[in-house]
Amino acid sequence: MDEEQTAYFDSGSTTRIDSKVLEAMQPYFKQDYGNPASAHKKGRKAKRAMNKARETIAKSINAQTKEIIFTSGGTESNNLAIKGAAYANKEKGKHMITTRIEHKSVLNPIKWLVKGQGYTVTYLEVDSQGFVNPEELEKAITDETILVSIIHGNNEVGTIQNMEEIGQVTRRKNVLLHTDACQSFTKTPIDVEKQKIDLLTINSHKINGPKGVGAIYIKEGTKITPLNHGGGHEKNIRSGTPNIHGIVGFAKATEQANKPEHVEKMRKMRDKIIEETLKIPNSKLNGPTGEKRLPNNINIYFKGVEGEALSGYLERKGVYTSTGSACSSKKLEPSHVLTAMGMDPERANSSIRITLSRLTTEKEVEHMLEILPKVLENLRKISPLY
Amino acid sequence: MTEYTEETIKRFEDPKHAGKIEETTAVGQVGNTMCGDVMKVYLEIDEDKTIKKARFKTYGCIAAIASSDKICELVEGKTTDEALKITEKQVIKELGDLPPLKHHCSLLGLKALKKAIRNHEEKHSTQ
C-alpha cells in the first residue's frame, strides 16, 4: 500500500524514528564507532558521547548520572530489575508484589522466579479504571516482601498510577519499588526522588528513538545482581559493549520528546478521537479520562465486533491499530488487562487500542475517523451479537 | 494482522453470503463470547433436501468470517447429506490456507452448519 495513505495508530507498540534522532546517530556508525572501554581517542570519544547521553536521561527523571545503566530495552530492564533485585535480596525475603495489569516482561520473570526459584508473589487487584489501591498494597506487604513492581502508565488502557502515593508506602515499609515506565516516559512527569522510586525501566523506541536500547534507573545503594556477567561494563551491572549509536539516539529522542507542547498536542488529539468515536452507537471507552490517562492512549469497546476483525479491516484501509497489547494479539485469550478491570470476554475481545506519538498528524487522525465508522458498520451488519 | 491468503481477505472484506434468512427452521448457532467466536448459519432447504440458499452471521476474527462465507458458498446446491460431508480440511483448502492457530475457526463454521441441518431435520420429523 502507498505510504501516503497509511495512518499509523500503533505507537504504543513502537514508533517511527524522528529524523533529528537518526541524524544524531549517524556519526557513531562509521566515524565515531569506538568502544567506550577503549583507552584510545575513538574510545574516549564514544565514552564522552555516552556520558552526555547518560546525563540527559538522568536529568529527565531527576536522577543522578551514576544511577543510569543502559540496556537493550524495556524487557531487559524489567528482567534486570526483578530478577536482579530478587537474587540480591533473597536473604531478606522471597516475597514480591505486583499487579494483574503488568506487561509480560514483568509478569513472566516473576512467574519464573515463583515456579523454579522458591519465590512467592501477591497480585494486587485493580479497579474498573485500572488503578491500584495504595492501601491494598500496604496490607499486602509482609516481613518477607523484598520488591513491589507496578507499571506506571499501562500499555493497554493508559491508566497512570499515583506513583507518589505508592512510593510513600514502599519507602515507609522499606521495600524496593520498581516501575515499568516505558509507556509513560516523557508523556507524564517522572521524578524518582519525589515518587520515591528505587528501580525504573525506560526505553527508546516508544519515544521515536531507535529500537534495541533502553535504560534502568537504579537508586544509589540498591543491591542488584547482574544478568550479564562479562567485561564489567556499566559498573559491572550490565556487561557487553554498549550500543553507542543507540544510546546517542535514545538521548536525542528524550531531548526531543521532553517538551510540554508534545504532551499537549497528543492529549488534544486523544480527546478528539475519544469524543468522535464515542459518537458511534454502542461504543465505550476502556480506562480513565483526563490527566490520569496517558496522553497518547485510546482503548475503545465497540459492541458486537471482534477486535482482530476490526483491526484487520482497518489495516486493509491503511489504518494501523492493535488489539490488546501487540505482544499477545497472536494468542486467543482475552486481554489480561481488560479482564483484570472486570470486563467480560465479549467486551475484552471487542476492544481496540489506538495509540499516538508526537509525530502523529492531523491528516492521519482525519483518515482514521473517516474510515472507522464505515468499517464498523460493515462488520456489525454481519454480527450475530449486534 | 496475521498473514492470510488473498482469497481469505476477499471473503472477509466482501462476503457474498452474509445476512440471514427469515422464516426458516434451519438455523444453527455455535460458540459463545466466553471462548471467542459466535457463528450463526441460516439455510433454505427444499423438499428433496437440497440447500437452496445459505447465509451467515459471525462474530469473530478474519478467518472466522471468511470460513463462514466459504462454507455457505460450498453448501449451496448440495443436498444436506453432501453438505455434512464437507471437512475442515476442504474449507481450509478452498481458502488457499489458514494459519494453524486459526484452523478451529473453519471447524466452528462446520459445527454451525451441522446444527442448522439437525435443527431442520428435527423440526420436520416431528411435523
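Only heavy atoms go into these numbers, but all of them, side chains included; no hydrogens, no water, no symmetry mates. Proteins get letters first, then strands, A, B, ... in listed order; numbering begins at 1 in each.
Here SG of Cys61(B) is found 10.5 Å from CG of Asn349(A). Values are rounded to the nearest 0.5 Å. Going from atom CD of Glu315(A) over to atom CD1 of Ile62(B) covers 7.5 Å, rounded to the nearest 0.5 Å. Taken to the nearest 0.5 Å, the CZ atom of Arg316(A) stands 5.0 Å off from the CD1 atom of Ile9(B).
Within residues 278-289 of chain A, no residue has any heavy atom under 4.5 Å from a heavy atom of chain B.
With a threshold of 4.5 angstrom between heavy atoms, Leu379(A) approaches chain B through side-chain atoms but not through N, CA, C or O. Residue contact with chain B, scored on non-hydrogen atoms closer than 4.5 Å, involves the backbone and the side chain of Ile382(A) alike.
Across all their heavy atoms, Ala309(A) and Ile65(B) have their closest contact at CB-CD1, 4.2 Å. In plain terms, the two heavy atoms of Lys57(B) and Ser383(A) that are nearest each other are CD-O, 3.7 Å.
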What side-chain donor-acceptor pairs closer than 3.5 Å can you find for residues 38-50 of chain B, not counting sequence neighbours?
unit_1	atom_1	unit_2	atom_2	d
Asp46(B)	OD1	Asp48(B)	N	3.2
Asp46(B)	OD1	Lys49(B)	N	3.4
Asp46(B)	OD1	Thr50(B)	N	2.9
Asp48(B)	OD1	Thr50(B)	OG1	3.3

Cut-off 3.5 Å, no hydrogens considered: what does the side-chain donor-acceptor table look like for residues 86-101 of chain B, sequence neighbours left out?
unit_1	atom_1	unit_2	atom_2	d
Thr87(B)	OG1	Gln90(B)	N	3.2
Gln90(B)	OE1	Thr87(B)	N	3.4

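His367(A) is linked by a ring pair (Phe, Tyr, Trp, His ring centres under 6.0 Å) to nothing, counting only residues two or more places apart in sequence or in another chain.
Within a 6.0 Å sphere centred on CD of Glu377(A), other residues, nucleotides and ligands contribute 12 heavy atoms or fewer.
When each of Pro15(B), Gly60(B), Ala18(B), Gly19(B) is scored by its heavy-atom pairs under 4.5 Å with chain A, the top score falls to Gly60(B).
In this structure, Tyr59(B) has its ring center no closer than 6.0 Å to that of Tyr386(A).
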